[in-house]
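Report on the following structure.
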Amino acid sequence: MSDVSPPAAWRLRADIDLGALRANVRALRQRASGGAGLMAVVKADGYGHGLLPCARAARRGGADWLGAATPEEALALRADGDTGPLLCWLWTPGGPWREAIEAGIDVSASGLWALEEINAAARAAGRVARVHLKADTGLGRNGAQPADWSALVAAARAAEAEGTARVTGVWSHFACADEPGHPSIAAQQAAFAEALAVAARAGLDPEVRHFANSPATLTLPGAHYDLVRCGVSVYGLSPSPEIGQPADFGLRPVMTLRARLAAVKRVPGGHGVSYGHRYTTPGETTLALVPAGYADGIPRHASGSGPVLVAGKLRTVAGRVAMDQFVVDLGGDAAAAGDEAVLFGPGDRGEPTAEDWARAAGTISYEIVTRIGPRVPRVYIGGEGGEGGEGGEGGEGGEDEGGEGE
Ligand SMILES: *Cc1c(COP(=O)(O)O)cnc(C)c1O
């Protein structure tokens, strides 16, 4: 994925505002209660925003930890020179444990098989593995079940005694933190307290106990413990409209997805539009062709419903989203090939938001940004180092911001 400016004749681009990302990290860190640290989750190519630039910006913004799902993501961060605390949690048997341990990456174990592979890799490396034990407190995804927790804790204590591992974290994950008041929230909190008590009684003394994702960071201060793990909120999106808008939490969406119209033409009334003719022009009108399709991550489920800002007004995708393009009906308005269409952005310049696309496609904003494909260049604005997005480093960000929003 490109982190340089696209050619002047760009088709479709995702502008990534690293100044906003840094400010989001600072806002979230302030929200973390009782001095809890902040882990910026950069899995899935930084939720589609670009792994390395976002990871660097998150560190600059004050992220104490980085979080990755796969070992490949975590190793890529180390190869980029990141040396800070870094957790990677999604392991399968035979994974690159030794490389991770040698790179000083904290690994996660949800079962005995993982702990055995960690011990073997640590012996081979002659290093002490840093391990987070994960409890399933009710999500029903990864993590050890309460019935298996004591055995996992005991095996980890034995590994500490042998000198192959040190338990640096005990953690869990919420199922419904984005639905405030859901009864599973309190049940999971009680189960986590119990898992921590079992671990403490067995003699484990982790550096960090962590439980909260973005929605719990924003709504459940009692679940912050030593560290909060924020993903979607780092990228300036609210985990759910039910919880609030990004601005309610001092967050600003980081990605703006823009295209340049590939064609504008007059057509008569009664003209079918795009595959299946799911849209027919109600009268003579002007159609504009937006060169973005489902191969770029535009959901086909948003056919007939996705919003886009073209020629100063919000339009709706006319007919089906195709692999590379979709059409909007401009009605009586004028536009020209090359004019800009904004699919989504922060939302304060009349453009739709990723949340609007999520609603149109029957999904969540997480999926909208994460699915933006590798064919779409990411263009980094707002500088990379230093402080803030407000002009502190105009030299770096300025050149790309010039064409924005005009
Ligand atoms: C993705 C993920 C997060 C971040 O979740 P958000 O809702 O995006 O903040 C935190 N923890 C784990 C285990 C995850 O998989």
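Remember, it's 1-based here, ligands and their atoms both numbered in the order they're listed.
Residues meeting the side-chain contact (heavy atoms from CB on, under 4.5 Å) test with Pro221, sequence neighbours left out: Ser33, His224. For Ser110, the side-chain contact (heavy atoms from CB on, under 4.5 Å) partners two or more places apart in sequence, or in a different chain, are Lys134, Asn142. Listed by chain and number, the residues in a side-chain contact (heavy atoms from CB on, under 4.5 Å) with Ala259 are Leu12, Val290, Pro291, Leu343 (sequence neighbours excluded).
Judged by distance alone, the side chain of Glu117 and the main-chain N or O of Ala114 form no donor-acceptor pair under 3.5 Å.
Nearest heavy-atom pair, Val232 versus Ser214, reported as atom, atom and distance to 0.1 Å: N-OG, 3.6 Å.
Donor-acceptor pairing under 3.5 Å is lacking for the side chains of Gln188 and Ser184.
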Pairs of nitrogen or oxygen atoms, one from ligand 1 and one from the protein, closer than 3.5 Å: please tabulate them with distances.
{"unit_1": "ligand 1", "atom_1": "7 (O)", "unit_2": "Tyr366", "atom_2": "OH", "d": "2.6"}
{"unit_1": "ligand 1", "atom_1": "8 (O)", "unit_2": "Tyr47", "atom_2": "OH", "d": "2.6"}
{"unit_1": "ligand 1", "atom_1": "8 (O)", "unit_2": "Val232", "atom_2": "N", "d": "2.8"}
{"unit_1": "ligand 1", "atom_1": "9 (O)", "unit_2": "Ser214", "atom_2": "N", "d": "2.8"}
{"unit_1": "ligand 1", "atom_1": "9 (O)", "unit_2": "Ser214", "atom_2": "OG", "d": "2.5"}
{"unit_1": "ligand 1", "atom_1": "9 (O)", "unit_2": "Gly231", "atom_2": "N", "d": "2.8"}
{"unit_1": "ligand 1", "atom_1": "11 (N)", "unit_2": "Arg229", "atom_2": "NE", "d": "2.9"}
{"unit_1": "ligand 1", "atom_1": "11 (N)", "unit_2": "Arg229", "atom_2": "NH2", "d": "3.4"}
{"unit_1": "ligand 1", "atom_1": "15 (O)", "unit_2": "Lys43", "atom_2": "NZ", "d": "2.7"}

